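One structure is given below, encoded as structure tokens.
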Amino acid sequence: MPELPEVETVVRGLRPKLLGRVIQACVTVSPLMVGKAASDFRLKLGGRSFEQIDRHGKWIFVRLSGDLTLAIHLGMTGNLRVEDAMHGIEPHTHLRLSLESGRQECRFIDPRRFGELVLATSSDMPTRFGPKQLGKDALLITLPELKETLARTKRRVKSVLLDQRALAGIGNIYADEILFHAGIYPGARADRLADEVVEKLARTITRILKRAINAGGSTIRDYVDSDGKRGSYQNQHDVYGRADQPCRRCGQAVELDQKIVTGRSTHFCSGCQTAGGPKRRLNRRSNHRPNGQAATNPRRNDR
DNA sequence: AGTTCGACCTCTTTGC
DNA sequence: TGCAAAGA
DNA sequence: GTCGAAC
């Protein structure tokens, strides 16, 4: 599940491998993946050079010479690599771009095919990736902008964090981790968060995402960067994937809930996270059970 | 306006 | 062990 | 992970 930190890690790995180099040809492109645009890929990619590689939210924008951008979304299982052309081709390789010498190629692999490959000219960009479709990048959004976005919706704060049109880059893992560190109950109404709580949230978004980038992202299952390396931020997760384990801050069992935001599993600590935001520096681990038996949590009702 | 649910895919894990 | 269903 | 239809 590549989210902003994983995508940023991929982009940083790709830059030194691709910038300045030339695409010899588009060797393979799967119509399963791009439909009728397959002919565009075959015809338009060859001969162009890599000028710039950017990221906005979970999207990667590969800027090529001659006003063409290859936009890539990794979906759930998408994966980009630059490897030796002799290297065996894995199943589900949907795009192969041979690089100048022909010794290496850039490959896009995506078993579930939830990813996206899009070719766009600068005039296509605003309609496909404009502010209407993609919110500010989560690492660049300002406090006033975040306040504004949260204030004008009655939605649950977690669903706003997940909304790529509100703010781009956060997915299920980082939404849960961020809300834990900000001390906010995921089901809290966005427009009811006090100013100081929103300020704390803004700082937390930045802090957690940066920490995760420094760790090379989180590898829960499949994710690997462009060098095939796994991330390590999963070792620093406090709630995601820690259901029933004691909260590292208060000792109470981390909860897993499917109702707060439907379709997404939500991990949180009801001892540390409230609809009103952080309580204060808590009585540390007061409820902690060192022997592992989970503290019972009084199931809280949303309000 | 906001939430729920199923769909889109394939591989892996789970459960009887 | 094996296969279907659930999960990611 | 993301979309759109239905409630």
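Side-chain atoms are counted along with the backbone in the values below, which use heavy atoms only and exclude waters and symmetry mates. It should be emphasised that the depicted structure is a prediction, and the values quoted were computed from it without experimental measurement.
We find that A:Glu196 and A:Lys200 are not joined by a salt bridge, their nearest charged nitrogen and carboxylate oxygen being 4.0 Å or further apart. By the 4.0 Å N-to-carboxylate-O rule, A:Glu51 lies too far from A:Arg63 to be salt-bridged with it. A salt bridge between A:Glu177 and A:Arg211 is absent, with no side-chain N of the basic residue lying under 4.0 Å from a carboxylate O of the acidic one. Between A:Asp227 and A:Lys17 there is a salt bridge, since a side-chain N of the basic residue sits under 4.0 Å from a carboxylate O of the acidic one.
Side chains of A:Leu68 and A:Leu45 form a contact here, defined as non-hydrogen atoms less than 4.5 Å apart.
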- Message: Using salt bridge (charged side-chain N to carboxylate O under 4.0 Å, His left out), reason through A:Arg81 and A:Glu105 one step at a time and then give a plain yes or no.
- Response: CA-CA 8 Å; A:Arg81 331 190 172 155; A:Glu105 41 185 62; over 6 Å; no
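As judged by a 4.0 angstrom heavy-atom cut-off over every strand, A:Asn172 is placed among residues touching the sugar-phosphate backbone only. If you check every strand for non-hydrogen atoms under 4.0 Å, A:Thr153 touches sugar and phosphate atoms only. Among the atoms of the strands shown, none is found under 4.0 Å from any heavy atom of A:Glu116.
With P as the reference atom, B:dC11 and C:dT1 are 24 Å apart, rounded to whole Å. The separation of D:dG4 from B:dC9, taken at their P atoms, amounts to 15 Å, rounded to a whole angstrom. On the P atoms, B:dC5 is 16 Å away from C:dA6, given to the nearest whole Å.
Ring orientation note: the planes of A:Tyr240 and A:His267 are tilted relative to one another, at an angle of 30° to 60°. Note: A:His73 and A:Trp59 have perpendicular aromatic rings, judged against thresholds of 30 and 60 degrees for the angle between ring planes.
Not counting sequence neighbours, the partners of A:Thr77 by the side-chain hydrogen bond (donor to acceptor under 3.5 Å, both in side chains) test are A:Asp110.
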Check nucleotides 5-7 of chain D against the protein and report each pair of N or O atoms closer than 3.5 Å, with its distance, or say if there are none.
none

Write out a two-atom table: protein N or O, nucleotide N or O from nucleotides 6-8 of chain C, distance below 3.5 Å.
unit_1	atom_1	unit_2	atom_2	d
C:dA8	O4'	A:Arg221	NH1	3.4
C:dA8	N3	A:Arg112	NH1	3.3

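Atom CG of A:Asp110 and atom P of B:dC8 are 17 Å apart (whole Å). For the pair A:Leu162 CG and D:dT2 P, the computed distance is 9 Å after rounding to whole Å.
An OP1 or OP2 oxygen of B:dT4 is reached within less than 4.0 angstrom by no side-chain nitrogen or oxygen of A:Lys259. The side chain of A:Arg264 places an N or O atom within less than 4.0 Å of a non-bridging phosphate oxygen (OP1 or OP2) of D:dG1. Look at A:His73 and you'll find a side-chain N or O under 4.0 angstrom from OP1 or OP2 of D:dT2. Between A:His92 and B:dC9, a side-chain N or O to OP1/OP2 separation shorter than 4.0 Å is absent.
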